[in-house]
Every structure is written in C-alpha cells, then in structure tokens.
Q: 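This is the structure I have questions about; it appears just below.
In this text the structure is predicted, and so the values were computed from the model without any measurement. Note on naming: letters A, B, ... go to the chains in the order of the sequence lines (proteins, then strands), and numbering restarts at 1 for each one.
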Number of protein chains: 2
Amino acid sequence: MRVPSRAILLNQLEAVFQMRGYEGATLTQLAEATGLGKASLYHHFPGGKTEMAAVLLREAVARLEQQAFSRLSGSQPAPERLAQFVAGFSDYTEQGERNCLVAVLAQGSAAEIHGNAIASQFDIWLRRLAAVYEETGSRPKRARREAEALLASLYGYLLTTRLLADTGHFRRGLKRLRKTLTD
Amino acid sequence: MRVPSRAILLNQLEAVFQMRGYEGATLTQLAEATGLGKASLYHHFPGGKTEMAAVLLREAVARLEQQAFSRLSGSQPAPERLAQFVAGFSDYTEQGERNCLVAVLAQGSAAEIHGNAIASQFDIWLRRLAAVYEETGSRPKRARREAEALLASLYGYLLTTRLLADTGHFRRGLKRLRKTLTD
DNA sequence: GTCTATACACCGATAGAC
DNA sequence: GTCTATCGGTGTATAGAC
C-alpha cells in the first residue's frame, strides 16, 4: 500500500476526537489508537493536542469542501446539485458512522480557540448554499433561510443518529432529504 | 426569595455541563458556578459528577416532557399541536440560548453510562410524534420519517446555532418550522 | 522516529474541623 | 451545610537513550 502514512495517522487521531470530543480525547487514547507512544505523538505534533486539533480541523474543512460543497458548482439544474451536495455530505460522514470534526471542535474549551473560525466558515458555506437556492427562484432572504434549514437538517440527522445509536436513521433521513430537494 | 434553592443549584450546575460538556465540566468550575466549595457539592451529590449528571438528565427529560411533548396531547388539530410542540422546545432551550442536556450527555464517556437510556427515551418521543403525524393522514412508516425529520431539524438548529454563534438563527429557524407545520 | 521514565499540574474525591 | 487541607490518580508534556 502506497498511502501516505501521515494521512492514516490523521485519520486515526480524528476518530478518537470524533468519538470522545476534544476534552475527552486523552493522549493515552490517542497514542493507543495510533499504535505510537505519547512521546512519539509529540514528535509529529510538537504543539500537542492543540496542534492536532488545528491540523485536523483544517483537514476536515478541506474534505467537506472537496466531497460536498464542490458539488454545488456544476452544470446540472440547481435542485440536482443540492441533492448531490447532500450525497457528498453523507460520504463525508461515512453514512453517519462518523461525526463531523467541525461540530466536535465547536464545543467546550476547543470552541474558545476555534469558535470564530468555525462560525465564519459556516457563514461562507451558507452563502454558497443560498446562492444555489436563489437559482431555484427564491429571493435572497428566503434562499438564506432554506440554506440554513438544509444545514440544520444535515447536522441534525448527524446528531440524532448519535442520540438514537442507529446509523440507519441517518441513511433514511438523508435519502428522504434528497428526495424532497429534487421534487 | 422563596424559590427552592435546590432548583437554583441544579440550574447552575446544568449551565456548566451545557457549556463545557460532561468531561469539560470540572469540579472547580461547578463549584465556582454555584458559589460552593468542592466538598460542599459532595454533600449534595455524594456520587460526585456521575450523580450530578444522572440527576440533571432526569430533570431535563422531565422538563422537556412538561414544556414540549405534553403539548402533543390536546384538543386542537394535529398540525397546531405540532407547532405548539416546536414552540415548547424553543422555550425549553430558552430560544436557543441553552443547549439540551440530553444531547450533551449522549457524547463522550457520559454516553457509555446514559447512552441506552437516552436512545430509548428518544424512541419513545419519536413514537409519540409519529402518532400525531398519523392523525394528519400519514401512514405509520411515513409518519415515523416525518417525526424523525422534525426532531432532526430541532436538534439541528440547536447545533448549528452553536456553530454560528447566533441565537437569531435558532429563532428564525423555528419560526419557519412552525409555519411549515401549520400550512 | 520511537521508546522508557519522569516532571508537574490538575482532576475527582475524602477527612475532619467548625 | 460549609469550609480548608489533602489524598491518590491521571492529565499533558518533556528529557534523554536508542
């Protein structure tokens, strides 16, 4: 396998933060998940947990962009692009199996560091979604509300899937959501 | 003041758990928020953080029942009752200012203790919501999906409101949601 | 680049005086 | 019912050998 080992390492670390949250992820758990010793983690991330979270956050935003939001700019009709975006979001979360790190890092003490960056990133995303809704004929204000409703639904399904401990809930919910978008 | 001081104490503790999460809420912070010493907290909750979380969870479920779900059983038309339920949920979260403790305790290490109870409680809530949707003419399967979509939207708005750091987002979203229910 | 061993702060929790 | 003082354990982080 010629997969950059750095990517594997980041994926393993991300899994711990997703499951335990920022405060809940201890260096012992992060070390176990990666198969490295604590000191070795500090070789890769001299800044410790703080740096890990910062790197993983940038990485998560980039992946969301690539897998979901990039599908908003295409040649298909606007509703079809929105449905593709929802499908991309599902891919990003691995069909609801994994949480979104952006949401994870917006809570607790991590929010004090990353809160502003996350808030402005979400506003950018909402503008892009709203622009697509405007193509469907909605006026700016209404388009913004529709964009907000869509993101709330996506993150809502992601959250309630955890509350219900059932990823089938996520898959069915997003399927339904895609259908309402293309009707 | 003739307000039961126990209620004030619980409210102060709940605020810390809501803002910092279960792991993030330290005894030092809990003590500071209540104006008590750590040892005094152990007088009220001999089981420590574990007991606080358990008591607060029961209390939160009871308040959700009282403020939101109880409005599903009334004499008005089903859509109107659903809108009332949404309004009650808004009250419960103080218009998005405060997070839902049930959602907070479904994450990290607290999930290992309370996860099962939370999952079955949410299933009960979904059944009650689905029953109301059935009154509007939806078949059981569809009613269940509509119930899931409604809860996902509510908790989604609560989450994205935190991501955006803007409670106006929550108020507008729920207003919009109520409107779609009664149309 | 990985390890063992360790430093030191803070965590949850308890003892015991008042 | 509240406090101060303190315990043992674990958290993050570092030193230094290999």
Side-chain angles (χ1 to χ4, degrees), chain A residues 1-57 59 101 104-105 107-114, chain B residues 1-59 101 104-105 107-115:
Chain A
M1 279 288 276
R2 277 289 50 234
V3 179
S5 58
R6 168 99 174 169
I8 298 176
L9 180 63
L10 288 174
N11 192 11
Q12 290 166 328
L13 293 174
E14 189 184 27
V16 179
F17 282 108
Q18 285 167 340
M19 285 192 301
R20 318 290 312 194
Y22 181 74
E23 348 255 352
T26 70
L27 281 178
T28 301
Q29 290 168 348
L30 293 163
E32 275 174 9
T34 58
L36 293 175
K38 296 180 197 175
S40 302
L41 282 179
Y42 277 92
H43 171 73
H44 295 281
F45 304 93
K49 269 176 76 170
T50 309
E51 185 179 347
M52 291 181 211
V55 171
L56 289 169
L57 178 57
E59 216 263 331
L101 197 77
V104 169
L105 295 181
Q107 292 164 344
S109 70
E112 289 158 20
I113 302 173
H114 305 291
Chain B
M1 280 285 279
R2 274 292 51 233
V3 179
S5 57
R6 168 101 174 167
I8 298 176
L9 180 62
L10 288 175
N11 192 11
Q12 291 165 328
L13 293 174
E14 188 184 28
V16 179
F17 282 108
Q18 285 166 340
M19 286 192 300
R20 317 290 313 192
Y22 181 73
E23 349 255 351
T26 70
L27 280 177
T28 301
Q29 290 169 348
L30 292 163
E32 276 174 8
T34 57
L36 293 176
K38 296 183 199 176
S40 302
L41 282 180
Y42 277 91
H43 171 74
H44 296 281
F45 304 92
K49 269 178 76 170
T50 309
E51 184 179 348
M52 292 182 210
V55 171
L56 288 170
L57 178 58
R58 263 179 294 159
E59 216 263 332
L101 198 77
V104 169
L105 295 181
Q107 291 165 345
S109 71
E112 289 158 22
I113 303 173
H114 304 292

Q: Are Q107(B) and Q107(A) side-chain neighbours, meaning at least one heavy-atom pair lies under 4.5 Å?
A: yes

Q: Decide, yes or no, whether a salt bridge links E23(B) with K49(B) under the criterion of side-chain N to carboxylate O below 4.0 Å.
A: no

Q: Starting at atom CD of E51(A), determine the distance to atom C1' of dA13(D), rounded to an integer number of angstrom.
A: 13 Å

Q: In terms of side-chain heavy atoms of L36(B), which of dG12(C), dA15(D), dC3(D) is nearest?
A: dC3(D)

Q: Any side-chain N or O of S40(A) less than 4.0 Å from the OP1 or OP2 oxygen of dG1(C)?
A: no

Q: Mind running a 4.0 Å heavy-atom check of residues 18-32 of chain B against DNA chain D and sending the residues that fall below it, in number order?
A: none

Q: Would you tell me if any nitrogen or oxygen in the side chain of Y42(A) comes within less than 4.0 Å of OP1 or OP2 on dA13(D)?
A: yes

Q: So do L36(B) and H43(B) actually touch side chain to side chain, heavy atoms under 4.5 Å?
A: no

Q: For dT2(D), take OP1 and OP2 only and decide whether either is under 4.0 Å from a side-chain N or O of H44(B).
A: yes

Q: State, yes or no, whether a side-chain contact exists between R6(A) and V55(A) at a heavy-atom distance under 4.5 Å.
A: yes

Q: Check whether any side-chain nitrogen or oxygen of H43(B) sits under 4.0 Å from OP1 or OP2 of dG1(D), and answer yes or no.
A: yes

Q: If I take atom CZ from residue F17(B) and atom CG from residue L10(B), how far apart are they, to the nearest 0.5 angstrom?
A: 10.5 Å

Q: Is K38(A) touching bases, backbone alone, or none of the nucleic acid, heavy atoms closer than 4.0 Å?
A: base

Q: Can you measure M52(A) atom CE to dT12(D) atom P for me and round it to whole angstrom units?
A: 9 Å

Q: Side chains of L101(A) and Y22(A): closer than 4.5 Å at any heavy-atom pair?
A: no

Q: Output the rounded distance in Å from CG (L13(A)) to P (dT12(D)).
A: 13 Å

Q: Compare all side-chain heavy atoms of H44(A) with those of T34(A) and state whether any distance is below 4.5 angstrom.
A: no

Q: Tell me which nucleotide among dA15(C), dA13(D), dA13(C) gets nearest to the side chain of A39(B).
A: dA15(C)

Q: Take atom CG of L41(B) and atom C1' of dA15(C), then tell me their distance rounded to the nearest Å.
A: 17 Å

